[in-house]
*Asks:* 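So that we are looking at the same thing, I have put the structure below in structure tokens.
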Amino acid sequence: MEFLCYHRDRPGSLALRHELLEEHWSYMDRYAAEMIARGPTMDDDGETPTGSVHILGLPGPDAARAFAFDEPGYQTGVYRDVLLRRWRNVLGRTMWEFPGGPEDGDRYLVLGLGAGPAVDLEPPSAWAESDELIAYGPLLSDDGTVWVGTAALLRAPDPETARAVLTADGYAGIEVHHWQFGGRS
């Protein structure tokens, strides 16, 4: 089963985040084989982290909760909240297989939180035919039967273009966050 875990930073926790960076990476190293994508979300300045995204395959919801809540930053108060949802890897690849590589262009996390009937179970054709999608898939209930939104990692020239990957009126809200490829250098 695949899961998306988005830890959102607590205001004022940047120094603690930096202090725990090696512990965070060491923790994530234990899950290297399961990772589909990972990396920090950033403030508009592109320098200040605002959260941490991990998409990975795990045996089930209990393992996903353990992954999310045993993370050192979560345990010490770096994060204000955690979005943890089942996810389906529509592209069938990892971020390391993305043809655009880790550094060309601006990258974004786009989260659409569901409201009503499921939309965007597959990427729109204009996006599917481009080389701009890094990861894409629906967010689902723990048992995988109920659509609760959609999440995408992508390359785009600006946040407005990134937002256009999702159907504007199909969600209660759409969030766009600057995102970077993560992991050890």
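Position 1 is the first residue of the sequence, and the numbers go up from there.
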*Asks:* Please report the interatomic distance OG(S52) to CZ(R8), rounded to the nearest 0.5 Å.
*Replies:*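 So the OG of S52 and the CZ of R8 are separated by 12.5 Å.
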*Asks:* For A156, does its backbone N or O pair with a side-chain atom of T161 as donor and acceptor, under 3.5 Å?
*Replies:*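 No.
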*Asks:* Determine the minimum heavy-atom distance between V90 and P123, stating which atoms define it.
*Replies:*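 Scanning both residues, the minimum pair turns out to be CG1-CD, 3.7 Å.
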*Asks:* Indicate yes or no: at least one non-hydrogen side-chain atom of Y6 is less than 4.5 angstrom from one of H177.
*Replies:*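 Result yes, sub-4.5 Å side-chain heavy-atom pair found.
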*Asks:* Is there a side-chain contact between L109 and L111, using heavy atoms and a 4.5 Å cut-off?
*Replies:*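 Of all side-chain heavy-atom pairs linking L111 with L109, at least one is under 4.5 Å.
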*Asks:* Hydrophobic clusters here meaning ILVMFWY residues chained together by side-chain heavy-atom distances under 4.5 Å, can you tell me if L154 and I174 are in one?
*Replies:*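 Same hydrophobic cluster.
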*Asks:* Short question: side chain of E2, backbone of N89 - any donor-acceptor pair under 3.5 Å?
*Replies:*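 Answer holds: yes.
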*Asks:* Are the side chains of C5 and R38 in touch, meaning some heavy atoms are under 4.5 Å apart?
*Replies:*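 No. Closest side-chain heavy atoms not under 4.5 Å.
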*Asks:* Once you round to the nearest 0.5 Å, how far does CZ of R88 lie from OG1 of T150?
*Replies:*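 Going from CZ on R88 over to OG1 on T150, the span is 9.5 Å.
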*Asks:* State yes or no: do I134 and L139 share one hydrophobic cluster built from I, L, V, M, F, W and Y residues joined by side-chain heavy-atom distances below 4.5 Å, directly or via other members?
*Replies:*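 Yes, because I134 and L139 connect within a single hydrophobic cluster, where side-chain heavy atoms sit under 4.5 Å apart.
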*Asks:* Flag the pair R155 and E103 as a salt bridge only when some basic side-chain nitrogen lies within less than 4.0 angstrom of an acidic carboxylate oxygen.
*Replies:*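 Salt bridge absent between R155 and E103.
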*Asks:* Hey, does W87 have a side-chain heavy atom less than 4.5 Å from the side chain of I36?
*Replies:*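 Side chain of I36 against side chain of W87, heavy atoms only: contact under 4.5 Å found.
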*Asks:* Under 3.5 Å, is there a donor on one side chain and an acceptor on the other for D29 and S26?
*Replies:*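 Looking only at side-chain atoms, S26 and D29 do not form any donor-acceptor pair under 3.5 Å.
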*Asks:* CG of L58 to CD of E34: how many Å apart, nearest 0.5 Å?
*Replies:*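 Reported value, rounded in 0.5 Å steps: 6.5 Å.
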*Asks:* If you take all heavy atoms of A162 and V176, which pair is closest and at what distance?
*Replies:*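 Closest pair (atom of A162, atom of V176, distance): CB-CG1, 4.2 Å.
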*Asks:* After noting the C-alpha distance and the side-chain angles of T48 and L14, does the key distance pass the side-chain contact (heavy atoms from CB on, under 4.5 Å) rule?
*Replies:* CA-CA 8 Å; T48 306; L14 185 59; 4.2 Å; yes
*Asks:* Looking at side-chain heavy atoms only, is the closest gap between L4 and L83 below 4.5 Å?
*Replies:*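 Yes. Closest side-chain heavy atoms under 4.5 Å.
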*Asks:* How long is the gap from CE on M28 to CZ on R30, to the nearest 0.5 Å?
*Replies:*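 Here the rounded value is 9.5 Å.
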*Asks:* Does any N or O in the side chain of T94 come within less than 3.5 Å of the main-chain N or O of W96, such that one atom is a donor and the other an acceptor?
*Replies:*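 Flag set: sc T94 to bb W96 pair under 3.5 Å.
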*Asks:* If you measure from the Lys or Arg side-chain nitrogens to the Asp or Glu carboxylate oxygens, is any gap between D142 and R65 under 4.0 Å?
*Replies:*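 Judged by the 4.0 Å cut-off on N to carboxylate O distance, D142 and R65 do form a salt bridge.
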*Asks:* Would a 4.5 Å heavy-atom cut-off, applied to side chains only, mark M42 and P49 as touching?
*Replies:*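 Heavy-atom side-chain distance check passes, below 4.5 Å.
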*Asks:* Tell me whether the rings of Y171 and W147 are parallel (<30°), tilted (30 to 60°) or perpendicular (>60°).
*Replies:*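 Tilted, since the angle between the ring planes falls between 30° and 60°.
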*Asks:* Roughly how far apart are D143 CG and M1 CE, rounded to 0.5 Å?
*Replies:*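 Result: 9.0 Å between the selected atoms.
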*Asks:* Whether R80 and D9 form a salt bridge (side-chain N of Lys/Arg under 4.0 Å from carboxylate O of Asp/Glu) is what I want to check.
*Replies:*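 R80 and D9: not salt-bridged.
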*Asks:* Looking at E132 and R107, is any side-chain nitrogen of the basic one under 4.0 Å from a carboxylate oxygen of the acidic one?
*Replies:*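 Result for this pair is no, no salt bridge flagged.
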*Asks:* Would you indicate whether the side-chain heavy atoms of V53 and T41 approach each other to under 4.5 Å?
*Replies:*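 Sidechains of V53 and T41: in contact.
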*Asks:* Is there a donor-acceptor pair closer than 3.5 Å between any side-chain N or O of D43 and the backbone N or O of D45?
*Replies:*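 Not a single qualifying donor-acceptor pair exists.
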*Asks:* Restricting to non-hydrogen atoms, name the atom on Y79 and the atom on E71 that form the minimum distance, rounded to 0.1 Å.
*Replies:*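 Where Y79 meets E71 most closely, the heavy atoms are CE1-OE1, 3.0 Å.
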*Asks:* Same cluster for F181 and L21 if Ile/Leu/Val/Met/Phe/Trp/Tyr side chains link at under 4.5 Å?
*Replies:*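 In one cluster: no.
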*Asks:* Pairing donors with acceptors under 3.5 angstrom, does anything connect the side chains of D106 and H178?
*Replies:*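 The criterion, which ignores hydrogens and geometry beyond distance, is not satisfied for H178 and D106.
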*Asks:* Step through it carefully: locate the ring centre of F67, locate the ring centre of H54, and say whether they are under 6.0 Å apart.
*Replies:*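 Ring centres of H54 and F67 closer than 6.0 Å.
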*Asks:* Applying the 4.5 Å side-chain criterion to the ILVMFWY set and letting contacts propagate, would V119 and L121 be lumped into a single cluster?
*Replies:*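 Same hydrophobic cluster.
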*Asks:* Heavy atoms, side chains only, cut-off 4.5 Å: are H7 and V78 in contact?
*Replies:*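 No, side chains not in contact.
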*Asks:* Which heavy-atom pair separates L20 from G73 by the least distance, and what is that distance?
*Replies:*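 In this case the closest contact between L20 and G73 is CD1-CA, 4.2 Å.
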*Asks:* For residues G182 and P40, report the shortest heavy-atom separation together with the two atoms involved.
*Replies:*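 Scanning both residues, the minimum pair turns out to be CA-CD, 4.1 Å.
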*Asks:* With clusters defined by side-chain heavy atoms of hydrophobic residues (ILVMFWY) lying less than 4.5 Å apart, directly or transitively, does L91 cluster with F3?
*Replies:*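 F3 does not cluster with L91.
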*Asks:* Which heavy atom in L166 sits nearest to a heavy atom in Y136, and how many Å separate them?
*Replies:*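 The answer is CD2-OH, 4.1 Å.
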*Asks:* Look at the rings of F69 and Y74 and say which category their plane angle falls in: under 30° parallel, 30 to 60° tilted, over 60° perpendicular.
*Replies:*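 Taking Y74 first and then F69, their aromatic rings stand perpendicular (interplane angle over 60°).
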